[in-house]
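Small disclaimer: the values here were computed from a predicted structure and weren't measured.
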Amino acid sequence: MINIKNYTIITNSIFIALFFTKLLNVILERIDLILFLFWLLPLLIFYVFVNKFFIRAYQWLCFLLIIYFLFSSLRVFGTDPFWLDILELILLISLFINIMFGPKVINNMQ
């Protein structure tokens, strides 16, 4: 079973990779800075509570990630996919799976 320290490292790594992937879209001028901030704000709010191990935050973050997944999959499967869109989709799926198992890891910690 994975311990809480390794789980936290994995979660933080995926979050950071997702943030930098989206930031790279801003640098490449594929999206506006305002849209990036609008995209980033809910994730940052949940990121704080996920790091405090609030179970309810894990549940709500899964719902939010489904919405992010839908928008990302539209870009990947609806138009010509760009490599950053594919990477974002993979990171969203990875984060969703990781966050789904978060409450189980937290319960094993106690």
Requested in this report: Could you walk me through whether Phe36 and Asn25 pass the side chain to side chain contact (heavy atoms under 4.5 Å, CB included) test, one step at a time?
Outcome: CA-CA 9 Å; Phe36 171 71; Asn25 275 321; over 6 Å; no

Query raised in the report: Passes side chain to side chain contact (heavy atoms under 4.5 Å, CB included), Phe53 versus Tyr58? Steps please.
Result: CA-CA 8 Å; Phe53 305 116; Tyr58 285 84; 3.6 Å; yes

Query raised in the report: Going through the distances and angles, do Asn51 and Asn12 end up as a side chain to side chain contact (heavy atoms under 4.5 Å, CB included)?
Result: CA-CA 9 Å; Asn51 281 328; Asn12 290 335; 3.2 Å; yes

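The salt bridge (charged side-chain N to carboxylate O under 4.0 Å, His left out) analysis of residues 12-32, with sequence neighbours excluded, yields the pairs Lys22-Glu88, Arg30-Asp85. Applying the ring pair (Phe, Tyr, Trp, His ring centres under 6.0 Å) definition to pairs two or more places apart or across chains, none involves residues 70-109.
Atoms OG and CG, from Ser13 and Leu95 in turn, are 11.0 Å apart once rounded to the nearest 0.5 Å.
The side-chain contact (heavy atoms from CB on, under 4.5 Å) with Phe20 is formed by just one residue from the set Leu18, Ile16, Leu24; it is Ile16. Residue Val76 is tested with Leu87, Ile90, Ile86 for a side-chain contact (heavy atoms from CB on, under 4.5 Å); the sole match is Ile86.
Each of Ile4 and Ile9 belongs to its own hydrophobic cluster when Ile, Leu, Val, Met, Phe, Trp and Tyr are linked at side-chain heavy-atom distances under 4.5 angstrom. Two different hydrophobic clusters hold Phe54 and Met100 under the rule that ILVMFWY side chains link at heavy-atom gaps under 4.5 Å.
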Under 3.5 Å, side-chain donor or acceptor atoms of residues 59-68 against the rest of the protein: list the pairs with distances, not counting sequence neighbours.
unit_1: Gln59; atom_1: OE1; unit_2: Arg56; atom_2: NH1; d: 3.3
unit_1: Tyr68; atom_1: OH; unit_2: Trp39; atom_2: O; d: 2.6

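In this structure, Asn3 and Asn6 approach most closely via the heavy-atom pair OD1-N, 2.9 Å.
Residues Ile106 and Tyr7 fail the side-chain proximity criterion, which asks for heavy atoms closer than 4.5 Å.
Counted within 6.0 Å of CZ on Phe49, heavy atoms from surrounding residues, nucleotides or ligands total 12 or fewer; the atom is thus considered open.
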